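Input: a single structure, listed below in structure tokens.
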Amino acid sequence: MAANKLTKQSERVAFAKDLSFPKYKSTESLSYGSVDHTVEPVEAHEDAHTSFEPTQEENKLLPSGCSIRYSLPLARFTVLTTLLLFVDCIVTAVLWFTGGSGEYLTDSVINFSFETSIFDLLPLAIVRTLILVSIYWKLESTYMQQYESPLDYQLFLVKRVLHASAGAVQLVFTAYAFIKGGMILAAFVRSSKSAAMSATFYAALVCACVFSLAELLAYVLSFRTYKKLPKMRVRHIYNAVGVEVDVDGTPKKREASLVRIAVLAKPEFPLLSVGLFALLFSSGSQIVAPLFFGLVIDAAQTSIAKLNRVVVIMLLIYGVGALASMIRAWMFELAGQRFVARLRKDVFTAIIKQEIGFFDETRTGELTNRLASDTQVVQNAVTVNISMLVRYTFQIIGSLVLMFLLSAKLTAVLLAVVPAIAVGAVQYGKFLKSLRKKFQDELADANTTAEESMSNIRTVRSFCGERKAVREYGEKIGKSFSLGRRIAVLQGVFQGGVNVMAFGAITCVLWYGGNLLYANTQDSSEGITAGVLTSFLLFTLNVAMGFAFVSALYGEFMQAVGASIRLFELLDREPKVNNQGLCRLEELRAEVAFDDVHFTYPARPGSEVLKGVSFKVDIGSMVALVGPSGGGKSTIVSLIERFYDTNQGNIILGGSNITTLDSDWFRHKIAIVSQEPVLFSCSIRDNITYGKEASIDEVIEVAKQANAHDFIMSFEDRYDTLVGERGLRLSGGQKQRIAIARALIINPQILLLDEATSALDSESEYLVQEAIDRAMDGRTVLVIAHRLSTVKTAALVIVIDKGIIVEQGTHEDLLARNGVYRKLVLRQLTSENASLTSEPQVDEDNGKK
Ligand SMILES: Nc1ncnc2c1ncn2[C@@H]1O[C@H](COP(=O)(O)OP(=O)(O)OP(=O)(O)O)[C@@H](O)[C@H]1O
């Protein structure tokens, strides 16, 4: 009685310890497996595992009307163990049925002897499978129920009973297999004749012992894996209409999968089909080769005429195979090149149409890496890897069929190792996929650093930053290298493991095949000939090689899935600022108005840059924006070009809200000349005609207006002179004048100008200023003014500071007030270098430039 009480008490202590799950209040019952149920996360238990617990922020961010559901992944303990148990049954059945003639089989059932028949192993394997599969599935559901109701003592007891039952069943069956094995071995050693059993039966016995050990190991692991089960749950958020969404409520991107990659390669299907057709012939010739080697050996023992016939047929088959190989390689390579070219174009199109905010947040190196290397990895998947997969799958299946025809018993022995390789390959692939993704991310990071240093080499050189750049790049490459090292170890271990399995299988085949050959030498109606064994061995090598390649391919496919996840992210991304469609007006009335505009940059959501800005630029007038650095002047210009959308308030262009207009249309009516214009790495002519196709006469005309014609004509190649990367081969003043010509060629109705602050020599400055004055003539102009001369001629001067318009009026009006403007003007008059935008104390945090 006392002992009983003690047991109960210790159970309750164990139960208390077991309560390590976080609490979830369920609105329905259980949520796992393929059936999803809605649950609401509530406050976590003190000892909770937190890795899958929705964080407080996530809960806060969860859009209204959304529900959370969970599911379990397919590749989990219960599914894999069920698979293992079924494979055990199938292998045992195959080995038993192929173990001898019908008489021999019935005899081993009717006159069953523990030491000479393995018939018992088959029913026992089936019974064991049924019992253990039921227990493991029940255990899984009990664990999940207990996760939902951690205080349910009944569930705790059920769990214990199930674990104990699985353990007992497993131990009994394992012990049985080993005792039987031991006794048969002992009987074999005592007297091989009395204990004679078919060699296949010995193989079945070895398989039974190996499978029992594997299943015992699975049982031991079951405690840990079931405990981890809740952590494996995959969280899904569904919106009110049942569509799966991200935490921010946007519909979830479609998962990248091999099927989706295949759909992407649809236009290449004709080429791939021809390649696959050729592949059937080239692989076919390779598959039958071992058969001919065996035939040659057997024919050589019969007659020379037969030998010659066999060799001629073999040569013919090889000839067709070689031709087919050529066509296969050609078609697959061509399809691959076409695919990657199209994919790169699609990805680039997807990148270039994104809103400017996306580029503020994403590093260029990362994007170029996606274009260059991720596309390459995916290309390999749909071409080289598919070709290899089909080829080796075909090789494996074809060889196995021929092997079965040659000797079913030998084939069954070989197949016993297949499940182990398959399980290993799946785990390896999963691991490699996540490592590869991290590796690519680190590499992209390193590339960005290198690109930044190289494109800013002048700054690097002048600050003697070479060593710093090399160090930074080295550190980042070091990170990717350490991941690469892990990948290398993983690949080595996996390949080694596959080889051990493959050679183990070959050794088994040799041993067992040797037995059959020996039987054939004793009685020619029994066993197999030397030729058949030779063919079989070569087939075995083909199958082993096929498996090794296919398993390595699995890793490659997973890499491709990893790379395609990043590509599909880009391809699926809809720009947050819509560029096309919408309304095109007959004519644009060149006036701009801001109405209580509030704006925050997406890359810096915490700080509002414009705080309720309202002003109007009338048709044909010139408005000057002045104010301290970082006040928001350039931001206003960016908003007129609709590089970003406002957070609040409206921008009215020609009487219409800018968001209703077709951006492509109105951008052709507006031109920007910025402080530091960036030119493209092509000829002067191509730069000027960037916004519009134009004849050389038009180009010369605008170049003259921009005071650029003379210096262009002084170059050897004139308008065909190459300007270098970002216009590096031109002076600051020359770049500016080409930028003005580029703006003028589209004959804009509205001109957005950012006057240069960089000190140009007086001659250059004069030429640039003259060009600007000419460009402004007759147009609506918004200028970020740095010079007093510009401001004086403006119809309206707007003083903007920290995102607020602090003063507006004409130059004279503002001077009359004793405000910010007056201070700015006075400072410019007293200091030669100061401009109307510089201020003695620029807010460091706020100042971008
Ligand atoms: N792409 C961006 N992402 C995040 N913040 C930005 C971005 N561009 C500018 N900012 C920030 O917005 C604020 C206003 O910048 P803006 O360039 O409009 O000032 P500005 O008045 O034109 O200054 P300056 O006269 O020096 O050119 C600054 O604090 C700046 O740091």
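Counting starts at 1 for both ligands and their atoms, in listed order. In this chain, numbering begins with 1 at the start of the sequence shown. What you see is a predicted model; the values in this text were computed from it and never measured.
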Inset, instruction - Report yes if the side chains of V799 and I805 come closer than 4.5 Å at any heavy-atom pair, otherwise no. - result: no

Legend entry - Polar contact flag for S634 and ligand 1 (N/O pairs, less than 3.5 Å): yes

Inset, instruction - Compute the shortest N/O to N/O distance between G631 and ligand 1 and return yes if it is under 3.5 Å, no if not. - result: yes

Legend entry - Minimum-distance pair of heavy atoms, taken over all atoms of L730 and I738: CD1-CD1, 3.6 Å

Legend entry - Inter-residue atom distance T375.OG1 - L343.CG, 0.5 Å rounding: 6.0 Å

Inset, instruction - Output the list of atoms in ligand 1 that are nearer than 4.0 Å to some heavy atom of Y644, sorted by atom number. - result: 1 (N)

Legend entry - Close N or O approach (G632, ligand 1; < 3.5 Å): yes

Inset, instruction - Output the list of atoms in ligand 1 that are nearer than 4.0 Å to some heavy atom of V609, sorted by atom number. - result: 12 (O), 13 (C), 14 (C)

Inset, instruction - Is it possible for you to check whether R436 lies under 6.0 Å from the centre of the six-membered ring of F439, through NZ or CZ, and within 45° of that ring's axis? - result: yes

Inset, instruction - Would you confirm whether E355, through its side chain, and P575, through its main-chain N or O, come within 3.5 Å as a donor-acceptor pair? - result: no

Inset, instruction - Kindly identify the option in D360, T635, D754 whose heavy atom sits closest to atom 18 (O) of ligand 1. - result: T635

Legend entry - ligand 1 contact on K633 by region, counting heavy-atom pairs under 4.0 Å: both

Legend entry - Nearest option to atom 24 (P) of ligand 1, as decided by whichever heavy atom of S629, S674, S638 sits closest: S629

Legend entry - Side-chain heavy-atom pair F599, D645 within 4.5 angstrom cut-off: no

